[in-house]
There are 4 protein chains.
Amino acid sequence: MTMHPATARGERTRARLLAAAETVFAAHGYADASITRITDAAGVGQGTFYLYFASKLEIFEELVDDLNRRVRHAMTEAGEGARDRLEAERAGFRAFFRFTAEHPALYRVVREAELVSPRALRSHYTRIVEGYISALSAARAAGEVGDVDPTVAAWALMGIGEMIGMRWVLWGDGVAGDDADPMASGTSQVPDEVFDQMMRFIEGALRPRGEGEER
Amino acid sequence: MTMHPATARGERTRARLLAAAETVFAAHGYADASITRITDAAGVGQGTFYLYFASKLEIFEELVDDLNRRVRHAMTEAGEGARDRLEAERAGFRAFFRFTAEHPALYRVVREAELVSPRALRSHYTRIVEGYISALSAARAAGEVGDVDPTVAAWALMGIGEMIGMRWVLWGDGVAGDDADPMASGTSQVPDEVFDQMMRFIEGALRPRGEGEER
Amino acid sequence: MTMHPATARGERTRARLLAAAETVFAAHGYADASITRITDAAGVGQGTFYLYFASKLEIFEELVDDLNRRVRHAMTEAGEGARDRLEAERAGFRAFFRFTAEHPALYRVVREAELVSPRALRSHYTRIVEGYISALSAARAAGEVGDVDPTVAAWALMGIGEMIGMRWVLWGDGVAGDDADPMASGTSQVPDEVFDQMMRFIEGALRPRGEGEER
Amino acid sequence: MTMHPATARGERTRARLLAAAETVFAAHGYADASITRITDAAGVGQGTFYLYFASKLEIFEELVDDLNRRVRHAMTEAGEGARDRLEAERAGFRAFFRFTAEHPALYRVVREAELVSPRALRSHYTRIVEGYISALSAARAAGEVGDVDPTVAAWALMGIGEMIGMRWVLWGDGVAGDDADPMASGTSQVPDEVFDQMMRFIEGALRPRGEGEER
DNA sequence: AATGAATGAGCATTCATTCAT
DNA sequence: AATGAATGAATGCTCATTCAT
């Protein structure tokens, strides 16, 4: 499959292509991201592409994996110094949103993966969720978290992060009317009040509950 | 834009095309959903397509709008007989998942809209969220809901529904490993335990809180 | 071939179609003048077209013939009251240019006929030229015109009229640079000085010559 | 716009395409000259076309320019050894007719340009006429030519050449009846008597006049 | 007489991929 | 290692024409 270069020069070329692919896929989508556009953006000849990737699908999947590795790394790293679960969560979300702002490709590419490579899509979400699951399980064992199923809660958190990120990072601050230019986005940050409200929502959901539950 | 037929026969043909588009877009994605595939599925000649839709994009956007109208209708209708906010929420989510199971197109089509027609995508989410927002605002005024910002909470709920729906309705029950055929899906239902856990999560998030909040 | 209507209403519809065809062919050219455009311009249904014309080619040829009849009529009529050949010529050219200004279709349609219907093209030019030939022959017999072959002179005059008409009527007054909008034309008139110079040129060419010829 | 090849092989392919275009446009006209027909005639694959030309219109315009350059070159070259204006004129027209006979595309393509690319059409005629204008101006200054406006005379000459060329070169010798196959042409030459008569006509038009002019 | 629906052939254009250099 | 040339399959879209009403 993926062909790996023998020389350092080749290594650089390959990296350039992958970086170019991130830009081009994010800007045009899978179908309209022609190999030519990628090689042009990378500053190499058309034929060079096939020296390092067997097909368009392959570079796409590698890109998804790559982005996945990078978000997860960013999130984990952010949560490392945290005192408790809550602080870690907060840091993780912050990191997630920051990554989203810096790499709009993450959203655009992943969303398209639904059809292009369902395998890649599933693996992307699943890996992130796995991180949540183990963190939540540990927290539950430590009594920091209420009686929610870690798996379900993990997917819910994933959904919250994704949707809030889409709404406030990708779309920007403005009201999401039909009017605004939908492409002029990708650099905002989630406003503090929104972030706080979101964390409130999550805390409430995860907090241990002393009182009797309704229903 | 959209051209409307003058006769009943034309009306029927147009409806057949729209129905075919739902199937075809869901199965192949926007880029690979050729007009020919759509007209074949509709049982009409190629040229007939352009009697009713000016372009592929146009039928796509109309389809998104159509699906949007239909989910919202299903959700509203479901919540109508509910005693309290919680029951309504529960019914709404159930309806949402049922609709998702019956119309996998909703997910696949909407997700692709990110690139195909950002306008359609935004409008889709925004309209659904608006429903949540007004329901939450009313519930908060009635003291049924805690002190969360209705807008943020609404987007969070949207995210939860979408992610849980994707995971358990579209992907089915199985573990989301790299192995299973990712296309053989779309008909499962969210298992009861998962649904209950999700509702627990949501209740916790929205419940009025007596105790002092950290931070 | 051409189908003729039985009723007065039909007669009117047919005339409307022919008039619409003049406009549409002039504006879009043969290839881009769709039947739909013609019927739309005529304010009738698509199918109605084929009640009166067997094909697109047929209405085109009829239009060429029609325009041809009308220019020739305009030119003949104009020359009728003239005292001598020269005055007649002058009036004929004036009429030709006026017709051109009012019916840009004449040029555009005829020029395209080169490929669409060579038959129609030839017949158009030939018929006009025939008028010149007989006028020149008569004038030569009367000694009003020098010793030029009427046929060759007639084609030369045709060429002059067509080229001057294109340059000053269709293109307008402006310098024919690459810049001006080439479609914004068709209503100018040949300026008087140009017209006079052209007539001088023609007079010189046709005038009887007493002196010895060079060569 | 026009893309130029980087290698000699590409240069050859590009030239083949342009030559094929001349043939195909002349034979079928712009609208019916499919890219496939051109690439077939050139002996290359369909896709190859777009390596060198951005569109059908572009190769058309380049072809018009190319033909224009070539006629003008042929005409100028022919008139180079001439003793006087008249001899030069004669040689120029001969060259023009010869070129027309060898490149029927000149006529057919240019005539269609009226609608396809008015810009190209104007520029074609204007450039040729400019040559006439400067020659006539010089001749007038030298007293070789009478008191006609060089610009008007130049357009008149252009018209004469075009019409005579069409009549005797493109249509051939035969009477231009409705019968003859209109496509079986393009190789005749203007008969000597016709050519001489045409030159007589032109001489008369341009000759200095001693006597008093009517009007 | 009039119409609108239906159709399939046809075309410009794009693009992933292969290959010779 | 790198490149640009070449290709043909595929697709969105247009349009003259036919037909049932």
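None of these values were measured; they are calculated from a predicted model. Lettering of chains follows the sequences in order, A, B, ..., and the numbering in each one begins at 1.
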A.B. asks: Answer yes or no: is there a donor N or O on one side and an acceptor on the other, between the side chain of C/R119 and the main chain of C/E61, under 3.5 Å?
C.D. replies: no
A.B. asks: Find out whether C/V44 and C/F49 are in side-chain contact, i.e. whether some heavy atom of one side chain is under 4.5 Å from a heavy atom of the other.
C.D. replies: no
A.B. asks: So, is D/Y50 near the phosphate of F/dT7, with a side-chain N or O under 4.0 Å from OP1 or OP2?
C.D. replies: no
A.B. asks: So what does D/S34 hit on the nucleic acid, given a heavy-atom distance under 4.0 Å: a base, only sugar-phosphate, or nothing?
C.D. replies: sugar-phosphate
A.B. asks: Respond yes when some side-chain nitrogen or oxygen of A/T7 is under 4.0 Å from OP1 or OP2 of F/dA1, and no when none is.
C.D. replies: no
A.B. asks: Would you mind pulling out the nucleotide paired to E/dT3, Watson-Crick or G-U wobble, both distances under 3.5 Å?
C.D. replies: F/dA20
A.B. asks: Does B/L57 or D/G43 map to a spot on DNA chain F nearer the 5' end, using the closest nucleotide for each?
C.D. replies: D/G43
A.B. asks: Of all the choices, E/dA12, F/dA6, F/dC15, which nucleotide is nearest to the side chain of D/T48 once you look at every atom?
C.D. replies: F/dA6
A.B. asks: What integer distance in Å separates D/F49:CZ from E/dT13:P?
C.D. replies: 7 Å
A.B. asks: Whole-Å distance between E/dC15 P and B/D32 CG?
C.D. replies: 13 Å
A.B. asks: Check the distance between F/dA5's C1' and D/M3's CE and give it to me in whole angstrom.
C.D. replies: 12 Å
A.B. asks: Nearest to the side chain of D/A6 - F/dT17, F/dA5, F/dT3?
C.D. replies: F/dA5
A.B. asks: If only atom types and distance count, is the side chain of C/Y30 paired as donor or acceptor with the main-chain N or O of C/L57 below 3.5 Å?
C.D. replies: yes
A.B. asks: Any chance you could measure C/T48, atom OG1, to C/L17, atom CG, to the nearest 0.5 Å?
C.D. replies: 7.5 Å
A.B. asks: Searching all strands shown, indicate the nucleotide that pairs with E/dC11 (Watson-Crick or G-U wobble; both distances under 3.5 Å).
C.D. replies: F/dG12
A.B. asks: Would you check if C/E62 and C/F53 make a side-chain contact, meaning some heavy-atom pair closer than 4.5 Å?
C.D. replies: yes
A.B. asks: Mapping D/A31 and A/Q46 onto DNA chain E by nearest heavy atom, which one lands closer to the 5' end?
C.D. replies: D/A31
A.B. asks: So what does B/A33 touch, heavy atoms closer than 4.0 Å: a base, only the sugar-phosphate, or nothing?
C.D. replies: sugar-phosphate
A.B. asks: Expressed as a whole number of angstroms, how long is the span from A/I38:CD1 to E/dT17:C1'?
C.D. replies: 14 Å
A.B. asks: To the nearest Å, give me how far apart CG (A/L17) and C1' (F/dT3) are.
C.D. replies: 13 Å
A.B. asks: Would you please confirm or rule out a distance under 4.0 Å between OP1 or OP2 of E/dA6 and any side-chain N or O of B/T13?
C.D. replies: yes
A.B. asks: Of A/G45 and C/Y30, whose nearest nucleotide on DNA chain F comes first from the 5' end?
C.D. replies: A/G45
A.B. asks: Output yes when at least one side-chain N/O atom of B/R9 is less than 4.0 Å from OP1 or OP2 of E/dA6, else no.
C.D. replies: yes
A.B. asks: If you measure only the distance, is there a donor-acceptor pair under 3.5 Å linking the side chains of C/Q46 and C/T39?
C.D. replies: no
A.B. asks: Check the distance between F/dT11's P and B/K56's NZ and give it to me in whole angstrom.
C.D. replies: 8 Å
A.B. asks: Between A/I35 and D/T36, which has a closest nucleotide on DNA chain E that is more 5'?
C.D. replies: D/T36
A.B. asks: Between atom CD in B/E11 and atom P in E/dG4, what is the gap in whole Å?
C.D. replies: 15 Å
A.B. asks: C/L51 side chain: which of F/dT7, E/dT13, E/dT3 is closest?
C.D. replies: E/dT3
A.B. asks: Mind calculating the distance between CZ (D/R12) and C1' (F/dA6) to the nearest angstrom?
C.D. replies: 13 Å
